[in-house]
**Q** 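Could you have a look at this structure, given as structure tokens, before my questions?
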Amino acid sequence: QVQLVESGGGLVQPGGSLTLSCVKSGSIFSTNAMGWYRQAPGKERELVAAVWRSGVTNYADSVKGRFTISRDNAKNTVLLRMNSLKPEDTAVYYCNKAYSSDWYPWGQGTQVTVSS
């Protein structure tokens, strides 16, 4: 069974930075687009960033200019660099396929809390 493991979350002050890592069992090469999702308390899970096999990226307006997504196919990892963090970025962050009709089983996610 495919497993996704997210890590790198934590507590950070507003304006700070954090880098999240997603590791998938097996190769991610065959997955055309991988993405980072987040779910804040009381809200639905939303896609915030995606990266295609070619390296092309797309971002939600709420994080554009602050977050950077990248993938390393050789290492089967997807990274999310988050800068200028805001309290509204507080959420549990997950990785999975993006722009697909199906998903891998969801991992446990990693908690990001932005607070002073």
**Q** Should Val92 and Trp103 be counted in the same cluster of Ile, Leu, Val, Met, Phe, Trp and Tyr side chains packed under 4.5 Å apart?
**A**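 Val92 and Trp103: one cluster.
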**Q** Test side-chain contact (heavy atoms from CB on, under 4.5 Å) on Asp89 and Arg66; report intermediate values, then the result.
**A** CA-CA 11 Å; Asp89 295 319; Arg66 300 188 297 118; 2.8 Å; yes
**Q** Is there a chain of hydrophobic side chains (I, L, V, M, F, W, Y, each step under 4.5 Å between heavy atoms) that links Val23 to Leu4?
**A**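 Different clusters.
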**Q** For the backbone of Asn32 and the side chain of Tyr99, can you confirm whether one donor and one acceptor N or O come within less than 3.5 Å of each other?
**A**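 Checked: no pair found.
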**Q** Of all heavy-atom pairs between Pro14 and Ser116, which one has the smallest distance, and what is that distance?
**A** CD-N, 3.8 Å
**Q** Let me confirm one number: the OG1-CD distance from Thr90 to Gln111, rounded to the nearest 0.5 Å.
**A**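 One finds 7.0 Å between OG1 of Thr90 and CD of Gln111.
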**Q** With sequence neighbours excluded, tell me which residues meet side chain to side chain contact (heavy atoms under 4.5 Å, CB included) with Ser54.
**A**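 Listed in chain order: Trp52, Val56.
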**Q** Which atom pair, heavy atoms only, marks the closest approach of Ser17 to Ser84?
**A**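 That closest heavy-atom pairing would be OG-N, 4.4 Å.
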**Q** Working to the nearest 0.5 Å, report the span between OG1 of Thr19 and CG of Asn83.
**A**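 Output value for this atom pair is 7.5 Å.
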**Q** Please determine whether the number of non-hydrogen atoms from other residues, nucleotides or ligands lying under 6.0 Å from atom CD of Glu46 exceeds 12.
**A**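 Correct, the count exceeds 12.
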**Q** Any side-chain heavy atom of Val63 sitting closer than 4.5 Å to one from Arg38?
**A** yes
**Q** Is there a side-chain contact between Leu11 and Ser115 in this structure, where contact means two heavy atoms from C-beta onward sitting under 4.5 Å apart?
**A**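 Side chain of Leu11 against side chain of Ser115, heavy atoms only: contact under 4.5 Å found.
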**Q** At what distance, to the nearest 0.5 angstrom, does OG1 of Thr110 lie from CG of Leu18?
**A** 8.0 Å
**Q** Using a 4.5 Å cut-off on heavy atoms from C-beta on, say whether the side chain of Glu6 contacts that of Trp36.
**A**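 Side-chain contact under 4.5 Å: yes.
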**Q** Ignoring hydrogens and geometry, is there a side-chain-to-backbone donor-acceptor pair from Thr68 to Arg81 under 3.5 Å?
**A**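 Answer holds: no.
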**Q** For Trp106 together with Tyr37, are the ring centres under 6.0 Å from each other?
**A**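 That pair passes the under 6.0 Å test.
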**Q** Kindly indicate whether the side chain of Lys97, heavy atoms from C-beta on, has any atom under 4.5 Å from the side chain of Asp102.
**A** yes
**Q** Count the heavy atoms of every other residue, nucleotide or ligand shown that sit under 6.0 Å from CD of Glu44, and state whether that count exceeds 12.
**A** no
**Q** Same cluster or not: are Tyr59 and Leu85 linked, directly or through other Ile, Leu, Val, Met, Phe, Trp or Tyr residues, by side-chain heavy atoms under 4.5 angstrom apart?
**A** yes
**Q** Under a 3.5 Å distance rule, please check whether Asn96 uses its side chain to pair with a backbone N or O of Tyr104 as donor and acceptor.
**A**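 Checking the backbone N and O of Tyr104 against the side chain of Asn96, a donor-acceptor pair under 3.5 Å is found.
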**Q** Atom CE of Met34 and atom OG of Ser70: how far apart are they, to the nearest 0.5 Å?
**A** 12.0 Å
**Q** Is any side-chain N of the basic residue among Lys64 and Asp61 closer than 4.0 Å to the acidic one's carboxylate O?
**A**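 Yes, charged N to carboxylate O under 4.0 Å.
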**Q** For the atom pair CG (Leu79) and SG (Cys22), what is the distance rounded to the nearest 0.5 Å?
**A** 9.0 Å
**Q** Verify the cluster assignment for Tyr94 and Val51: are they in a single hydrophobic cluster under the rule of side-chain heavy atoms below 4.5 Å apart?
**A**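 No, it is not one cluster - the side chains of Tyr94 and Val51 are not joined through contacts under 4.5 Å.
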**Q** Can you pull the salt bridge (Lys or Arg N to Asp or Glu O under 4.0 Å) pairs that have at least one residue in residues 70-79, sequence neighbours excluded?
**A**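 Of all non-adjacent pairs touching residues 70-79, none passes salt bridge (Lys or Arg N to Asp or Glu O under 4.0 Å).
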**Q** Under the side-chain contact (heavy atoms from CB on, under 4.5 Å) rule, what do Val2 and Lys24 come out as? Steps first, then yes or no, please.
**A** CA-CA 7 Å; Val2 171; Lys24 174 186 174 294; 3.6 Å; yes
**Q** If you measure from OG1 on Thr57 to CZ on Phe67, what distance do you get to the nearest 0.5 Å?
**A** 14.0 Å
**Q** Verify the cluster assignment for Val78 and Leu47: are they in a single hydrophobic cluster under the rule of side-chain heavy atoms below 4.5 Å apart?
**A**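 Shared cluster, no.
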